Visitor: 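What follows is a structure written as structure tokens; I'll ask about it next.
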Amino acid sequence: MDEPLFDASSDPNPTPGRETPVVNPSTSRPFIGINFDCCRTYGRIYRNKQNTAYEGRCPSCNARVSVPIGEGGSSSRFFTAN
């Protein structure tokens with residue numbers, strides 16, 4: 001008998017009555033999603049320690065990206081890097 005494929009959306013130890021995982025906002029790292037056109041891939045970049053920008057790299061080619069944080073910015077959580 002074949003083993004079932006791994007389903008990333010399922011919890012191996014479900015808690016009755018809880019359908020979504022609990023995230024503690026004080027310990028989770030703020031991030032934005034980036035669609036990297038250079039390699040046609042998606043990744044997350046995280047806020048720097050100074051809280052001045054979201055910084056990261058393309059997961060495939062390692063190209064750097066920085067998105068400044070400031071007044072009059074965007075409320076969007078997903079961006080495209082060219």
Side-chain angles (χ1 to χ4, degrees):
M1 183 175 189
D2 292 330
E3 289 188 34
L5 295 175
F6 177 71
D7 180 1
S9 64
S10 64
D11 186 350
N13 300 309
T15 304
R18 180 173 294 154
E19 303 201 4
T20 58
V22 175
V23 177
N24 183 348
S26 64
T27 59
S28 63
R29 293 179 60 197
F31 69 90
I32 58 175
I34 300 287
N35 182 21
F36 292 92
D37 275 350
C38 52
C39 296
R40 295 184 182 168
T41 187
Y42 169 84
R44 290 180 174 182
I45 61 172
Y46 295 89
R47 192 165 35 185
N48 63 15
K49 291 180 181 179
Q50 299 82 17
N51 292 327
T52 58
Y54 289 90
E55 300 175 335
R57 295 181 177 270
C58 172
S60 294
C61 71
N62 216 23
R64 289 188 53 133
V65 64
S66 179
V67 179
I69 299 171
E71 285 188 42
S74 174
S75 62
S76 180
R77 303 298 302 158
F78 299 96
F79 299 88
T80 298
N82 295 322

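Note that the structure is predicted; figures quoted are calculated from it, not measured. All values below come from the heavy atoms of this structure, side chains included, with hydrogens, waters and symmetry mates left out.
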Visitor: Does one hydrophobic cluster hold both Ile69 and Val67, with members joined at side-chain heavy-atom distances below 4.5 Å?
Guide: yes

Visitor: How long is the straight-line distance from CG of Asn35 back to CZ of Phe79, given to the nearest 0.5 Å?
Guide: 12.5 Å

Visitor: Restricting to non-hydrogen atoms, name the atom on Arg47 and the atom on Tyr54 that form the minimum distance, rounded to 0.1 Å.
Guide: N-CD2, 3.4 Å

Visitor: To the nearest 0.5 Å, what is the distance between CZ (Arg44) and CZ (Arg77)?
Guide: 10.0 Å

Visitor: Roughly how far, to the nearest 0.5 Å, is CZ of Phe78 from CD1 of Ile34?
Guide: 10.0 Å

Visitor: Do you know the tightest heavy-atom contact between Ser66 and Pro68?
Guide: O-CD, 3.8 Å

Visitor: To the closest 0.5 Å, what do you measure between CZ (Phe36) and OH (Tyr42)?
Guide: 9.5 Å

Visitor: Taking all non-hydrogen atoms of both residues into account, name the closest pair between Ile45 and Arg57 and its distance.
Guide: CG2-N, 4.3 Å

